[in-house]
Amino acid sequence: MKPRVTSQCSPAAGPDARPAAFALVALAALALGAAPAFAGSNGLSVKDGWMRTIIPSRPAAGYFTLSNTTDKQQVLVGAESPACGMLMLHQSQHKSGMEHMAMVKSVVVPAHGKVTFAPGGYHLMCTSPTKELVKGHNVPVTLHFADKSSLTAQFAVRGVNGK
Ligand SMILES: [Cu+2]
């Protein structure tokens with residue numbers, strides 16, 4: 001099957017591309033199986049982190065689940081990785097049948113709640129992948145929070161179909 005998606009936030013990914021994307025997330029989660037969760041001293045943890053790379057010169061997207069085990073909400077305000085020139089918070093949105101993406105300044109992680117970054121929704125945008133972003137490798141991603149705390153997790157680099 002030829003991937004129809006030409007860029008991570010391509011308008012070419014129409015409405016019917018969405019269920020497929022969610023199926024891929026489910027598959028990826030299965031494939032990851034007992035993937036370790038990366039817990040920070042701030043009570044937050046990252047699970048199932050992965051980067052989707054299409055071709056090395058193109059932007060890559062990052063997906064993960066972020067859990068908050070504390071009684072206080074936490075606010076994700078940024079991300080960085082040595083595998084990415086810039087790593088931005090983005091959100092895909094459907095407007096009149098087209099997928100658009102927008103930069104996001106912050107994402108709230110509710111107390112005792114979680115936020116999922118997944119195709120079709122929130123994602124990290126790795127605009128300028130470096131040589132470290134190689135399929136089959138793991139790359140560190142550091143998430144920064146409003147209270148100045150941070151959390152680093154290893155993300156598996158996968159291909160366009162999540163493998
Ligand atoms: Cu994006």
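Quantities reported herein were computed from a predicted structural model and do not represent experimental measurements.
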Please name all residues satisfying side-chain contact (heavy atoms from CB on, under 4.5 Å) with [X], sequence neighbours left out, ordered by chain then number.
X	value
Ala83	Ser81, Thr130, Glu132, Leu133, Val139
Ala39	Ser45
Lys72	Thr70
Lys95	Gln93, His100

* Asked: Partners of His144 by side-chain hydrogen bond (donor to acceptor under 3.5 Å, both in side chains), sequence neighbours excluded?
  ->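 Residues passing side-chain hydrogen bond (donor to acceptor under 3.5 Å, both in side chains) with His144: Glu80.
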Using every non-hydrogen atom in the two residues, find where [X] and [Y] come nearest and quote the distance to one decimal.
X	Y	result
Ser92	His123	OG-CE1, 3.2 Å
Val115	Pro110	CG2-CD, 4.2 Å
Ala79	Leu143	CB-CD2, 3.8 Å
Leu151	Leu44	CD2-O, 3.5 Å

* Asked: Mind checking what makes ring-ring contact (aromatic ring centres under 6.0 Å, His included) contact with Phe155, not counting sequence neighbours?
  ->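 Partners of Phe155 by the ring-ring contact (aromatic ring centres under 6.0 Å, His included) criterion, ordered by chain and then number, come out as Phe64.
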* Flag for His112-Asp71: side-chain donor and acceptor within less than 3.5 Å ->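 Looking only at side-chain atoms, His112 and Asp71 do form a donor-acceptor pair, the distance falling under 3.5 Å.
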* Answer yes or no: is there a side-chain heavy-atom contact under 4.5 Å between Leu87 and Val141? =>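 Yes - at least one pair of side-chain heavy atoms lies under 4.5 Å apart.
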* **Step-by-step side-chain contact (heavy atoms from CB on, under 4.5 Å) determination, Leu89 to Leu124** => CA-CA 5 Å; Leu89 306 178; Leu124 298 177; 3.5 Å; yes
* For Val75, which of Asp147, Val108, Val109 qualifies under side-chain contact (heavy atoms from CB on, under 4.5 Å)? ->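 So, applying the side-chain contact (heavy atoms from CB on, under 4.5 Å) to Val75 and each of Asp147, Val108, Val109, only Val108 qualifies.
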